[in-house]
Amino acid sequence: MPTDPSEVSVGIQDLTFATTSLCLTHEELARHTGAPLAKYHHGIGQTAMSIPAEDEDIVTMAADAAAPIIECHGSRKIRTILFATETGIDQSKAAGIYVHSLLRLPPHIRVVELKQACYGATAALQLACALVRSDPTQQVLVLASDIARYDLDSPGEATQGAAAAAMLISAAPDLVELHTPTGLFTHDVMDFWRPNYRTTALVDGKKSNDAYLEALEGAWHDYQARGGLPFEKLRTVCYHQPFTRMAHKAHRRLERTANTTAPLQDIGQAIAPTTTYNQTIGNSYTASMYLALAALLDSDTDLSGDTIGLFSYGSGSVAEFFTGTISPNYRLHLRTEAHETHITERDTVGYETYRRLHTRTLPTDGTAYELPHQTDGRYRLAGIHRHQRLYQEAPP
Ligand code: HMG
């Protein structure tokens, strides 16, 4: 075992995700907004968006995502759970504690919630890697769970979505070994934010696209200044995908910024394998880039031994560019079938149902309130009583 923490191989041992039981297609949305379907399908690169059922939230999705990881690896080595979200359900208590309880995990674990818009999961991942480097016998469970909601009839409406990603971070990982250095970029910008009194985000769409691309350039320059790999060494890049077309724009910008001397890759070919899940799930904020990674790993492309780039962006803004090398036997550890099932088994809702779900609110006066059983997932929000959220395993 190496004694220098920088020599310990650390990264993603297992990666999976869960989404909601319902979805709205962009075909159905276009019928009511009057937007050309091509704008949704090609202009922003989205075909459907996950919609939470009444008894689903960030906790139920995260527990759904994490359960198979615990079933496969056990919980003995897990000393930390880091839960990244910008859809917090409590100003004080970490959402991960409900997941810890639903999954019946042992008490000797620290559980913390992290926030910085969509970047939160990458902060969690980097902290997890540092913890494992300092003690390679430990594992960290990283959860990223969000529901992206914009105002009805706003330009952001077509870029909503919801999902949770779960990752087990360990030494000698079976999927992706993560590397240092990484490139960082922080800039105080009001491109997208959600004050505590709002359930939907406020956004300046055009400014947010520019801020994202500026942050990509800034993070890349920092990555290079710290001795990072040249662009040509990267097989492809998984980008944060608020809508999948953004990844194409980002890759084009990165090729220019990196001033690559290699013949330009076909951007469509390089990026398409990273977009298959996000184009039908929509923006899942903190989980989005990790769904892009899951899609890439699950794709037909053989990536054994290849190094890829990862670009995480969180409005406001903080960004990080980093790299990982795909393990030789990674295909033996994928969860492709489960991922496809999560997507294909969603029920498609009509526009009226979607609007009703969008505008509903939970009581805030502490009175007892029971939620209807709608989810197909393993866990559900059963109700609220005395201002406490009551979760349960969904009865079959
Ligand atoms: P919009 O203004 O309605 O759309 O909203 P548009 O007019 O800009 O059109 C979009 C694209 O469709 C354009 O392509 C059009 O040309 C094309 P582009 O020029 O950009 O390449 N188009 C068509 N294509 C084919 N056929 C047609 C057609 N018509 C138009 N007929 C906007 C777009 C993204 C602004 C909006 O959806 C929005 O505000 N979304 C939310 C904000 C967002 O996602 N920002 C992304 C960067 S910020 C980020 O990633 C962070 C975030 O995830 C939050 C966090 O960090 O927590 C959001």
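Residues take their numbers from the sequence shown, with the count starting at 1. In each ligand, atom 1 is the first atom listed, and ligand 1 is the first ligand listed. Computed from a predicted structure; not experimentally measured.
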How far is atom 20 (O) of ligand 1 from the closest protein heavy atom, and which atom is that?
K249 NZ, 2.4 Å
Which is it for E86 and ligand 1 at heavy atoms under 4.0 Å: side chain, backbone, both or neither?
side chain
Donor-acceptor pairs are to be reported for all side-chain atoms of residues 166-174 against protein atoms at under 3.5 Å, with residues two or more places apart or in another chain.
{"unit_1": "S170", "atom_1": "OG", "unit_2": "Q13", "atom_2": "OE1", "d": "3.2"}
{"unit_1": "D174", "atom_1": "OD2", "unit_2": "Q13", "atom_2": "NE2", "d": "2.8"}

Looking only at protein heavy atoms, what sits closest to atom 53 (O) of ligand 1 is H240 NE2, 2.8 Å
For the pair R356 and E54, find out whether any cationic side-chain nitrogen is under 4.0 Å from an anionic carboxylate oxygen.
yes
Check: R346/T19 side-chain N/O donor and acceptor closer than 3.5 Å:
no
Give me the nearest non-hydrogen protein atom to atom 1 (P) of ligand 1 as residue plus atom name, then the distance to 0.1 Å.
K39 NZ, 3.7 Å
Within the structure, does F243 bring an N/O atom to less than 3.5 angstrom of an N/O atom in ligand 1?
no
For ligand 1, is there an atom lying under 4.0 Å from some heavy atom of A158?
no
Record the part of Y150 in heavy-atom contact with ligand 1 below 4.0 Å; permitted values are side chain, backbone, both and neither.
side chain
With heavy-atom distances below 4.0 Å as the criterion, list the atoms of ligand 1 near A117.
55 (C), 56 (O), 57 (O)
Would you please indicate if the ring centroids of F322 and H179 are separated by under 6.0 Å?
no
Looking only at protein heavy atoms, which one is nearest to atom 15 (C) of ligand 1, and what is the separation?
G43 CA, 4.9 Å
Any non-hydrogen protein atom less than 4.0 Å away from atom 31 (N) of ligand 1:
yes
Between the side chains of R335 and E340, is the shortest nitrogen-to-carboxylate-oxygen separation below 4.0 Å, so that they form an ion pair?
no
Applying a 4.0 Å heavy-atom criterion (strictly less than), which segment of P36 is in contact with ligand 1: side chain, backbone, both, or neither?
side chain
Under a heavy-atom criterion of less than 4.0 Å, does R245 contact ligand 1?
no
Ion pair K206/D191, N-O distance below 4.0 Å
no
Would you say the side-chain atoms of Y369 and H385 include a donor-acceptor pair closer than 3.5 Å?
no
Between F311 and Y212, does the ring centre distance come in under 6.0 Å?
yes
By number and element, which atoms of ligand 1 are closer than 4.0 Å to a non-hydrogen atom of G314?
56 (O)
Can you list the ligand 1 atoms lying under 4.0 Å from a non-hydrogen atom of V203?
42 (C)
Distance-only check: which donor-acceptor pairs under 3.5 Å involve side-chain atoms of residues 58-74, not counting sequence neighbours?
{"unit_1": "T60", "atom_1": "OG1", "unit_2": "D57", "atom_2": "N", "d": "2.9"}
{"unit_1": "T60", "atom_1": "OG1", "unit_2": "D57", "atom_2": "O", "d": "3.1"}
{"unit_1": "D64", "atom_1": "OD1", "unit_2": "R378", "atom_2": "N", "d": "3.0"}
{"unit_1": "E71", "atom_1": "OE2", "unit_2": "R378", "atom_2": "NH1", "d": "3.4"}
{"unit_1": "E71", "atom_1": "OE2", "unit_2": "R378", "atom_2": "NH2", "d": "2.4"}
{"unit_1": "H73", "atom_1": "NE2", "unit_2": "D14", "atom_2": "OD2", "d": "2.8"}

Please state which protein non-hydrogen atom is closest to atom 43 (C) of ligand 1 and give its distance, to 0.1 Å?
S208 OG, 3.7 Å
Would you mind checking which non-hydrogen protein atom is closest to atom 52 (C) of ligand 1, with the distance to 0.1 Å?
C118 SG, 3.7 Å
Under 6.0 Å between ring centres: does that hold for H240 and Y290?
no
Does any N/O atom on N283 come nearer than 3.5 Å to any N/O atom on ligand 1?
yes
Any protein heavy atom lying closer than 4.0 Å to atom 34 (C) of ligand 1?
yes
Any nitrogen or oxygen of S315 lying under 3.5 Å from a nitrogen or oxygen in ligand 1? Just yes or no.
yes
What I want to check is whether the side chains of D146 and T286 have a donor and an acceptor closer together than 3.5 Å.
yes
Distance from atom 38 (C) of ligand 1 to nearest protein heavy atom, with residue and atom:
G156 CA, 3.7 Å
Within-cut-off N or O pair, Y212 and ligand 1, under 3.5 Å:
no
Shortest protein heavy-atom distance from atom 37 (O) of ligand 1, along with the residue and atom involved
P155 O, 2.9 Å
After noting the C-alpha distance and the side-chain angles of R194 and E86, does the key distance pass the side chain to side chain contact (heavy atoms under 4.5 Å, CB included) rule?
CA-CA 9 Å; R194 183 167 70 82; E86 55 176 302; 5.7 Å; no
If you compare all heavy atoms of L291 against all heavy atoms of A163, which two are closest, and at what distance to 0.1 Å?
CD2-CB, 3.9 Å
Show the atoms of ligand 1 that are less than 4.0 angstrom away from any heavy atom in G205.
35 (C), 39 (O)
Under-4.0 Å protein heavy-atom contact, atom 49 (C) of ligand 1
yes
Show your reasoning for whether side-chain hydrogen bond (donor to acceptor under 3.5 Å, both in side chains) applies to T367 and D365.
CA-CA 6 Å; T367 51; D365 60 0; 2.7 Å; yes
